2 protein chains.
Amino acid sequence: MNANKIPDIIIGRLPVYLRALQRMADSGLKTTSSQELGELVGVSAAQIRKDISQFGEFGKQGTGYAIVYLIEKLRGILKVDKIWDVALIGAGDMGHALAHYQGFANRGFRVVMVFDNDKSKIGKNVGEFTIEDTAHLVERIKPAGIKTAMLTVPATAAQSVADQLIQAGVKAILNYAPISINVPNNVKVQYIDPSIHLQRMTFYL
Amino acid sequence: MNANKIPDIIIGRLPVYLRALQRMADSGLKTTSSQELGELVGVSAAQIRKDISQFGEFGKQGTGYAIVYLIEKLRGILKVDKIWDVALIGAGDMGHALAHYQGFANRGFRVVMVFDNDKSKIGKNVGEFTIEDTAHLVERIKPAGIKTAMLTVPATAAQSVADQLIQAGVKAILNYAPISINVPNNVKVQYIDPSIHLQRMTFYL
DNA sequence: TAGATTGTTAATCGATTAACAATC
DNA sequence: TAGATTGTTAATCGATTAACAATC
């Protein structure tokens, strides 16, 4: 298994498989098949098998995959068998929702810091966090060794905050700002923009 | 131009082009090239040209694309040259953030109804909306002709709410619930799950 | 005109599917 | 054993890139 050779499109499907498997495990199921999992997530059985087999032989002919075992393997592959500290920049409505979000538990992440550049917000609390000044972002994130951040600032601020995050050593940015940002090759960005996602569907209406 | 022949992966890039073009227009630019736009959004110039040329000849040799004209065309293609009414189901933190979200303006959408099944929330206000009972979802959405909805309910409720939305005639669902849902072929779903997006990046850390 | 840039073709590259031997 | 299902190969399908004539 050489990470460099695995297509990113396969990596993108693994978290979806993992989510479905965890749900199966929660409901008490012990084993599943590529066909059953495929129906659940909307992917062909052949593709499920091909994707998983990139990383090892985790199934058994005749019986399929042991769910808990496969979950362990996928968590290891995706490196979410540990908890990643996440910095949140932008304490608007979306930032608040993410600071309170329960969906990071057991998925490998926890928010540990919240920043904003609005003087009227700095020092206030969001859930269990005290909003810090974005001006201190680098000096706070770098020594903490934080590699992951979520960006919920206005589009106009996104690139400059992203630059600071990169300077602070962040290598993965989940960008909620409605703008494409430029980052070095060794930094990953994922985009969440509800308008973009909706516009992708209206074409078919 | 036959919609059925356009690959979905191209449709998925058009909103990103549109977003960048609108930003260019806002900053006063008049024309752009496939190369300039490509650098901005992280796509090759050849791909930009190929994607756009699926729908017509919108550029000019030597000078490139007139930004406002291309915006008009893309908005027409994506059918966001009108405003789509959107129903929001789930008035938790994420639902509140989306109800207040300013980012739908000028992008083709507006939230018009908010539902929840929590008796303690029904009747309360979220921004300009009064939270309605999910039990009345079909009878409210269907006569209003709403085709687009956002789902911010718990995973356990997602499939049954999706079924009701489909019954109400909704054809496009933006699903924030952390679970894959099954829908008929003529209904589109897009998924937003911050943990999934983060897990897609931790592989590379 | 000379330079720039499109739209499109052909070539390349990559992803998905079908099929089946291996084997639990 | 018989049935089920994996892992993998080869074939198919689809997407991206490179290159360039057309032309603004």
Side-chain angles (χ1 to χ4, degrees), chain A residues 1-17 20-21 24 29-74 77 185 200 203, chain B residues 1-17 20-21 24 29-74 77 185 200 203:
Chain A
M1 165 191 162
N2 181 342
N4 296 27
K5 314 191 316 190
I6 309 287
D8 180 65
I9 197 159
I10 292 184
I11 301 306
R13 284 190 294 259
L14 298 186
V16 180
Y17 301 164
L21 288 163
M24 285 179 174
L29 291 170
K30 299 301 180 199
T31 63
T32 189
S33 63
S34 57
Q35 177 164 5
E36 187 181 48
L37 180 57
E39 279 166 15
L40 222 49
V41 301
V43 159
S44 77
Q47 184 157 80
I48 299 261
R49 293 200 300 278
K50 192 118 209 276
D51 287 353
I52 291 173
S53 72
Q54 303 294 311
F55 305 94
E57 306 192 356
F58 303 149
K60 266 205 188 71
Q61 287 100 328
T63 57
Y65 301 92
I67 291 172
V68 169
Y69 178 73
L70 186 52
I71 287 173
E72 258 173 44
K73 291 297 182 181
L74 290 178
I77 291 161
N185 270 338
R200 185 177 186 154
F203 173 79
Chain B
M1 165 190 162
N2 181 340
N4 296 25
K5 316 191 315 189
I6 309 287
D8 180 64
I9 197 161
I10 291 184
I11 301 306
R13 283 189 293 259
L14 297 187
V16 180
Y17 302 164
L21 288 163
M24 285 179 174
L29 291 170
K30 299 301 179 199
T31 64
T32 187
S33 64
S34 57
Q35 177 163 6
E36 186 181 49
L37 179 57
E39 278 166 16
L40 221 50
V41 301
V43 159
S44 76
Q47 186 158 78
I48 299 260
R49 291 200 301 277
K50 192 118 207 275
D51 287 353
I52 291 173
S53 72
Q54 304 295 310
F55 305 94
E57 307 193 355
F58 301 149
K60 266 205 187 72
Q61 288 99 326
T63 57
Y65 301 93
I67 291 172
V68 168
Y69 178 73
L70 186 53
I71 287 173
E72 257 173 44
K73 291 297 181 181
L74 290 178
I77 291 161
N185 269 338
R200 184 176 187 156
F203 173 80

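Both backbone and side-chain heavy atoms feed into the values below; hydrogens, waters and symmetry mates do not. Quantities reported herein were computed from a predicted structural model and do not represent experimental measurements.
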task: Rounded off to whole Å, could you give me the CD-to-P distance for the Gln54(A) and dT6(D) pair?
output: 16 Å
task: Taking only the side-chain nitrogens and oxygens of Thr63(B), find out if one of them lies under 4.0 Å from OP1 or OP2 of dC24(D).
output: no
- request: Could you tell me which nucleotide pairs with dG14(C) by Watson-Crick or G-U wobble geometry, both distances under 3.5 Å, or answer none if nothing does?
  value: dC13(D)
query: What nucleotide among dT16(D), dC24(C), dT16(C) has an atom nearest to a side-chain atom of Ile9(B)?
result: dT16(D)
- line: Rounded to whole Å, the CZ-C1' distance (Phe58(B) to dC24(D)) equals 18 Å
- prompt: Over how many whole Å does the gap from Ile52(B) atom CD1 to dT5(C) atom C1' extend?
  reply: 12 Å
query: Could you state the CD1-P distance from Ile48(A) to dT8(D), rounded to the nearest angstrom?
result: 16 Å
- prompt: Can you tell if the side chain of Tyr65(B) reaches within under 4.5 Å of the side chain of Leu21(B), non-hydrogen atoms only?
  reply: no
query: Taking NZ from Lys60(A) and C1' from dT8(D), how many angstroms apart are they, rounded to a whole number?
result: 19 Å
message: Taking the side chain as everything from C-beta on, heavy atoms only, tell me whether Phe55(B) gets closer than 4.5 Å to Ile6(B).
response: yes
task: Searching all strands shown, indicate the nucleotide that pairs with dA19(C) (Watson-Crick or G-U wobble; both distances under 3.5 Å).
output: dT8(D)
field: Side-chain heavy-atom pair Val16(A), Val43(A) within 4.5 angstrom cut-off
entry: no
- prompt: Roughly how many Å is it from CG in Asp8(B) to P in dA15(C), rounded to a whole number?
  reply: 17 Å
task: May I ask you to evaluate whether Arg13(B) reaches the phosphate of dA15(D), defined as a side-chain N or O under 4.0 Å from OP1 or OP2?
output: no
- request: Identify the two heavy atoms, one from Phe203(B) and one from Ile77(A), that lie closest to each other, and give their separation to 0.1 Å.
  value: CD1-O, 3.3 Å
Within 6.0 Å of CD in Gln47(A), more than 12 heavy atoms from elsewhere: yes
Side-chain N,O (Arg49(B)) to OP1/OP2 (dT6(C)) below 4.0 Å: yes
task: Could you state the atom-to-atom distance from CG of Asp51(A) to C1' of dA15(C) in whole Å?
output: 10 Å
Under-4.0 Å side-chain N/O to phosphate OP1/OP2 contact, Ser44(A) with dT17(C): yes
query: Within the pair Tyr65(A) and dA4(D), is there a side-chain N or O less than 4.0 Å away from OP1 or OP2?
result: no
Nearest-angstrom distance from the residue atom CD1 of Ile6(B) to C1' of dT16(D): 16 Å
query: Where each residue is assigned the nucleotide of DNA chain C containing its nearest heavy atom, which of Gln61(A) and Lys50(A) is assigned the position nearer the 5′ end?
result: Lys50(A)
- prompt: If we call it a pair only when both distances are under 3.5 Å in a Watson-Crick or G-U wobble match, what pairs with dC24(C)?
  reply: dG3(D)
statement: Out of dT16(C), dC24(C), dT8(C), minimum distance to the side chain of Gln47(A) belongs to dT16(C)
